[in-house]
Amino acid sequence: MNENPFNIISYEPMSEFNIEIVREMAELCGTRATAVNRYHSNGGFPGGMVIVEKDIPIALKVKNNIDEATTVHWHGLEVPNAQDNPDLVILPGEQHDFRFTLSEPGSYWYHPHLPPVLPQLNSGLYAPFIVKDAYDAQYAGDYVLMLDDWSLSPDGGIDAAYSTSGMEVIGNVETVNYKSAPHIPPIMLKAGEIIKLRFLNASTAQTHTLSLPGHTFRVTHLDGYSLPEPFMTDSIRLAPGERVDVELKGAFESGVYEITNGRGLGISIPVLYKGKGRGMHSPFVPPPSRSFGEAIPPHPDFKFVLNSRMAKGASGGMNMGGTHHAGSMDDMGGMSESDMGGTHDMKGSRVVWSINGDSYPHTRPVVLQTGRVYRLRFKNEDMMQMEDNMTHPIHIHGAHFEVVSLNGAAPSREMFKDTLEVAPNEYADIAVRFSNPGQWMLHCHIIDHEDNGMMMMLDFR
């Protein structure tokens, strides 16, 4: 019997899935039940998980059995726009069929994207989407670990007072695969063996930094993309929406160790040693370089300034007076000190998040060409708003991008991502090329920021 159902080493990939969206009770903290929304999938995979092989056509039938409309975003998957369009609304009682083929093995996930996104995602509506590689079967174990935090009331219900001011919703209970410590099933490990750990951050605002005393991790994938140069680290940082795949080699024959984020709110993953195993070498096969190289423009084609301000009585997604739009280097659209309103009375106000001074739905799409490499710059000017510095994890739908520079310095290794943190008063340059035409979202993956304006469209034609 599998002591941890999210150890997927023995699960065979499938090509057809029936996925149902249901309302049910979940024991997040022992016996205290919470009403949540969840995906269920066929094939015996836990947590609505989808497991497929690369280069195999797949079909997914999604049936909505809850009493509200929803959509599905295949986070990190590069699929045709018609298969990941936010306008594909699934009404209560209806079903939508998706069909596509995936070429990039790695760890992904899926979740709703019908605005406002936060209520359904905050209710637990998310699931892993794993594209297996051939060498994954050689690991001694392959664990999917989906992190989340919940705002729970004393009776176990989800606090409905979400995002009333446009600020972040941070939970008081944290879970791994819908379980809070001490109810998280253990990871099994033997000395000398190597297991694979797939960490996914489904939190709407919380960043998790994980560590395991006495051990180091070998990072092989970021946001689903394999690294030409894996690296060793003592800790793993995951902003909302990010995924990190690592290898963990058994160092002991007995004992229990814990992967934690140091907050003591429920994320404590036991690593249970069960003796001495076979000595192993890593089965991971690094890919060749996929850098865009000389095709990357020497200077940014477009520049996007991330910011916020207070607006009296503003509603989510409304820009109270901004006139700038995303454009060329000559059209920057910054925010003035008076716009930010840091000294205004908070009563009756909410935070409005913006890109180049505009807030969705008043942001204008940027028209781009498929097949061409663009250099995009993201500058975070969101300084000391509400006595806090705001980091924005920027997510792009429909493609991975190469990280070109961080605050003007080239990264220490080649990496492709779909979500990238941009710290306050810093900037990041990325290079991206789309092969699938259509309008693709660009937004902050702190969901309160996205729902309250920090989103726009890239229109690839």
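Source: prediction; values computed, not measured. What's counted below: heavy atoms across the whole structure, side chains too, no hydrogens, waters or symmetry copies. Residue numbers run from 1 in the order of the sequence given.
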Engineer: Given the side-chain rings of Tyr225 and Phe401, with only the six-membered ring counted for Trp, is the space between their centroids under 6.0 Å?
Structural biologist: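 No.
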Engineer: Quick one: sort the Tyr39 and Tyr110 rings into parallel, tilted or perpendicular, breaks at 30° and 60°.
Structural biologist: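 Ring orientation of Tyr39 relative to Tyr110: tilted.
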Engineer: Would you say the side chains of Ser151 and Asp159 form a donor-acceptor pair under 3.5 Å?
Structural biologist: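 Their side chains do not contain a donor-acceptor pair, so the 3.5 Å distance test is not met.
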Engineer: Measuring from Ser359:OG to His362:NE2, what's the distance to the nearest 0.5 Å?
Structural biologist: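 Here the rounded value is 8.0 Å.
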Engineer: Under 30°, 30 to 60°, or over 60°: which ring-plane class applies to Phe45 and Phe17, parallel, tilted or perpendicular?
Structural biologist: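 Rings of Phe45 and Phe17: tilted, as their planes differ by 30° to 60°.
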Engineer: Can you tell me if Asn452 uses its side chain to pair, donor with acceptor, with the backbone of Trp353 under 3.5 Å?
Structural biologist: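 No: the side chain of Asn452 does not pair with the backbone of Trp353.
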Engineer: Using a strict cut-off of less than 4.0 Å between a Lys/Arg side-chain nitrogen and an Asp/Glu carboxylate oxygen, indicate whether Asp301 and Arg375 qualify as a salt bridge.
Structural biologist: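 The answer is no: the pair does not qualify as a salt bridge.
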Engineer: Under the ring pair (Phe, Tyr, Trp, His ring centres under 6.0 Å) criterion, do His397 and His443 qualify, and how do the steps go?
Structural biologist: CA-CA 9 Å; His397 292 202; His443 63 85; 5.2 Å; yes
Engineer: Can a side-chain donor-acceptor contact be found between Tyr126 and Asp148 if the only test is distance below 3.5 angstrom?
Structural biologist: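 The answer is yes; a qualifying pair exists.
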Engineer: Which of parallel (below 30°), tilted (30 to 60°) and perpendicular (above 60°) describes Trp440 and Phe434?
Structural biologist: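 Answer is tilted, since the angle falls between 30° and 60°.
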Engineer: Within the 3.5 Å criterion, strictly below it, is a donor on Ser268 or Glu258 matched to an acceptor on the partner's side chain?
Structural biologist: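 There is such a pair between these side chains.
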Engineer: Hey, what's the ring geometry for His445 with His75, parallel, tilted or perpendicular (30° and 60° as the breaks)?
Structural biologist: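 Perpendicular.
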Engineer: According to the salt bridge (Lys or Arg N to Asp or Glu O under 4.0 Å) rule, which pairs have a member within residues 218-232, sequence neighbours left out?
Structural biologist: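 For residues 218-232, and leaving out neighbouring residues, the salt bridge (Lys or Arg N to Asp or Glu O under 4.0 Å) pairs sorted by first residue read Arg218-Glu247, Asp223-Arg243, Asp223-Lys417.
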Engineer: Report yes or no: do His221 and Ser107 form a side-chain donor-acceptor pair below 3.5 Å?
Structural biologist: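 No, no side-chain donor-acceptor contact under 3.5 Å.
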Engineer: With a 3.5 Å distance limit and no angle check, can you tell me whether Asn85 reaches the backbone of Ala82 through a side-chain donor-acceptor pair?
Structural biologist: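 No: the side chain of Asn85 does not pair with the backbone of Ala82.
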Engineer: Tell me if a side-chain donor or acceptor on Glu414 pairs with a main-chain N or O of Arg290 at a distance below 3.5 Å.
Structural biologist: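 Yes; at least one donor-acceptor contact below 3.5 Å.
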Engineer: Answer yes when Asp429 and Arg377 have at least one side-chain N-carboxylate O distance shorter than 4.0 Å, and no when they do not.
Structural biologist: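 Yes, this pair counts.
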Engineer: Please check: side-chain N/O of Trp74 versus main-chain N/O of Gln83, any donor-acceptor pairing under 3.5 Å?
Structural biologist: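 A pair under 3.5 Å: yes.
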Engineer: Which distance, rounded to the nearest 0.5 Å, do you find between the CG of Leu77 and the OG1 of Thr101?
Structural biologist: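 So the CG of Leu77 and the OG1 of Thr101 are separated by 11.5 Å.
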Engineer: Could you measure the distance from the CE atom of Met454 to the CD1 atom of Ile446? Nearest 0.5 Å is fine.
Structural biologist: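 So the gap between those two atoms works out to 8.5 Å.
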Engineer: Are Phe304 and Phe378 close enough, and set up right, to give a ring pair (Phe, Tyr, Trp, His ring centres under 6.0 Å), and what steps lead you there?
Structural biologist: CA-CA 5 Å; Phe304 304 97; Phe378 298 95; 5.3 Å; yes
Engineer: Assign the ring pair His111 / Trp109 to parallel, tilted or perpendicular, where the plane angle (0 to 90°) is split at 30° and 60°.
Structural biologist: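 Aromatic pair His111/Trp109 classed tilted.
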Engineer: Taking Arg461 first and then Asp459, would you say they form a salt bridge - that is, a charged N and a carboxylate O separated by under 4.0 Å?
Structural biologist: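 Asp459 and Arg461: salt-bridged.
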